[in-house]
Amino acid sequence: MAKSYKLKSCPIDANPDGDLLERLLAVRGIGDAERDIFLKPDFETGLHDPFLLKDMDRTVERIIKAIHNKEHILIYSDYDADGLPGASIFHDFFKTISYPHVSFFQPDRHVDGFGVHAHLLDEYLGKVAEGVEVVDATGKKLAPATLMITIDCGISDVEPVRVLSENGLLDVIVTDHHLPGPVLPAAYAIVNPKRADCEYPEKMLCGSGVAYKIVCALVSKMDNAFPAGYTKWLLDLVGIATMSDMVPLRGENRLLAYYGLMVLRKTKRPGIISLCRSNMLEPRNIVEDDIAFTIAPRINVASRLAHPKMAFDLLTSGSFDEASRIAKDLNNINNRRKTMVAQIMKQAHAKVREMQSSKPILVIGNPDWKPPVLGLVATQLIKAYGKPTFVWGRDDSGSYKGSARSTANIDIVQLMYAVPDEVFINKGGHAQSGGFCVHPDHIFGFDEAMQKACEKVYGVVTKLSPNVTVPSTTVETGMCHEVDAIIDVKDINAKMFSIIEKLAPYGVGNEKPLFAIKNFHIKNARLFGKTGEHLELEHSDWDSGQVKAIQFFYTEGTTKKVGEVTSLDELKEDPLFALKQNTHKAIIGHIEKNQFRGASDIRVRIVDVV
Ligand SMILES: [Mn+2]
């Protein structure tokens with residue numbers, strides 16, 4: 001079936017046939033005022049003053065006092081690819097000043113869950129059980145912690161912060177970027193750009209970004225303790241977090257991502273280097289996709305299938321021996337994760353086809369599915385079907401746990417609160433992403449309960465359907481095409497790529513440009529890969545020379561069987577039959593640089609053929 005595409009609407013006037021750079025800027029709404037700073041962020045002048053963050057003065061004073069008094073400082077961070085680099089920034093800071101009285105803690109994603117849990121910290125606070133003690137980097141026993149700093153969490157933990165500060169022995173500094181609730185925790189200080197009373201201009205920093213601002217503020221007050229340019233070398237960690245935490249890459253975040261990528265390419269951290277090399281990636285060639293597809297998943301898998309400490313140890317390791325051992329372990333765990341997700345996805349697709357459901361919510365589950373990977377499954381399912389998705393499985397203790405993801409217009413937390421109380425043992429999250437635990441007595445009626453809740457909150461299905469928006473990520477699955485520009489195949493070359501590269505790094509808020517490529521005459525089509533799963537198309541003619549286009553996992557799933565197939569038999573005999581007819585109107589895809597053995601070429605990464 002042929003598909004249609006349209007040009008992205010352009011918030012700024014620009015000639016669609018004009019200069020490509022102008023067109024790409026205009027499509028992103030980048031006008032004259034932002035243009036220069038967007039194209040060439042300036043590290044010396046582009047960062048905001050960290051002291052514009054509310055409570056920064058108090059925070060810096062308290063930390064410096066703690067260092068002065070040799071207090072035991074506890075860094076409590078989230079377990080993901082934002083919280084862990086944030087904690088690693090503090091690790092680097094304390095290591096640089098050789099401060100040993102510091103410890104690092106991350107909760108367990110599955111046992112404890114997100115946020116601050118006071119009862120886990122007994123050992124750190126000196127309430128030592130027999131034989132348990134907290135030691136510093138040199139192995140020396142630490143006194144009870146008197147200062148705790150949260151990273152990427154804590155803003156909604158009013159009760160735990162109250163309990164921790166109750167006897168006056170521990171000061172808690174909350175640093176976070178999540179949206180504060182109606183009541184702020186009664187902490188010693190709270191650094192969060194999203195505080196209503198915070199005047200900091202960049203509201204969308206990630207948790208590591210906030211941690212970075214604090215370290216910058218500290219360094220500015222302790223100047224002579226640090227080598228020149230010290231804070232710049234922390235940007236590899238900030239860059240990883242900024243590009244994996246789905247914050248918009250505009251404003252200060254663009255600067256952090258831009259220089260983050262630059263520093264990553266020169267990183268000296270054994271952990272990052274080992275992780276890259278063990279995945280056949282040279283740090284100097286890292287691009288944003290390598291963070292999204294190689295680095296971040298391997299940091300995150302530690303908390304999903306092992307413990308976050310593994311990834312923290314990797315990021316902070318000072319030894320190549322240790323780092324390459326951890327990198328190898330993380331790769332193995334990540335392979336196990338991939339197999340688990342792939343198996344579940346296969347079963348899920350089959351189940352969805354069998355259900356043939358027109359219901360507005362996709363509820364799917366299986367007691368054999370492992371809850372730790374269901375967030376990843378839910379993300380893939382919503383991409384494939386464009387419906388709010390609840391996926392459940394059963395853990396080793398017999399609990400029915402799962403993950404939910406939603407489209408822009410449906411709040412899943414609201415939905416979970418609209419079902420009768422007894423259905424969920426536990427529920428939580430944000431409008432578009434959450435987790436839950438279903439009571440075993442209600443697992444069979446779970447689907448129906450969610451559909452009813454949806455009707456209750458959003459009205460009947462027929463009213464809902466026209467409003468269900470297809471999330472922008474489905475561009476990748478071929479359900480909807482909005483292209484940045486229409487280009488001619490003859491213009492695809494290194495010069496064009498250098499223009500596209502000017503706007504990188506791409507990500508949320510600055511999506512990688514998608515093109516409709518005209519005049520691509522398929523002279524050669526072939527399948528390659530272990531099982532012939534990938535597609536390569538070759539264009540060549542006298543005028544425009546040769547251009548290659550590839551699509552990985554072309555043969556997987558039916559949505560990617562592109563081109564105008566006249567009969568199924570043709571497809572069975574030759575899966576490339578339709579493509580070879582050259583009846584397509586355009587190739588939809590990204591332009592990328594392919595690096596191999598020191599050489600490189602510019603090619604098309606196919607999203608679709610229409
Ligand atoms: Mn975060």
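From a predicted model like this one, the values you see are computed outputs, not experimental measurements. Just so you know, ligand 1 is whichever comes first in the structure, and atom 1 is the first atom listed for that ligand.
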N192 side chain near P180 side chain, heavy-atom distance below 4.5 Å: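 A side-chain contact exists here, since the closest heavy-atom pair is under 4.5 Å.
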Side-chain contact, heavy-atom cut-off 4.5 Å: M222 with F93?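 A side-chain contact exists here, since the closest heavy-atom pair is under 4.5 Å.
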Taking the Mn ion (ligand 1) as the vertex, measure the angle between atom OD1 in D152 and atom OD2 in D82; round to 10°.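 Taking the Mn ion (ligand 1) as the apex, the two atoms subtend 90°.
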How are the rings of H91 and F312 set to each other: parallel, tilted or perpendicular (split at 30° and 60°)?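 The rings of H91 and F312 stand perpendicular, inter-plane angle above 60°.
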Look at the N, O or S atoms of C153, main chain and side chain alike, and state whether any lies under 2.8 Å from the Mn ion (ligand 1).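 For C153, the answer is no, given that no N, O or S atom comes within less than 2.8 Å of the Mn ion (ligand 1).
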Taking the six-membered ring of F51 (Phe, Tyr or Trp), confirm whether the NZ or CZ of K221 is under 6.0 Å from its centre and within 45° of its axis.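 Checked: cation-pi criterion met.
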Name of the D245 atom (N/O/S only) found closest to the Mn ion (ligand 1):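 It is OD2 of D245.
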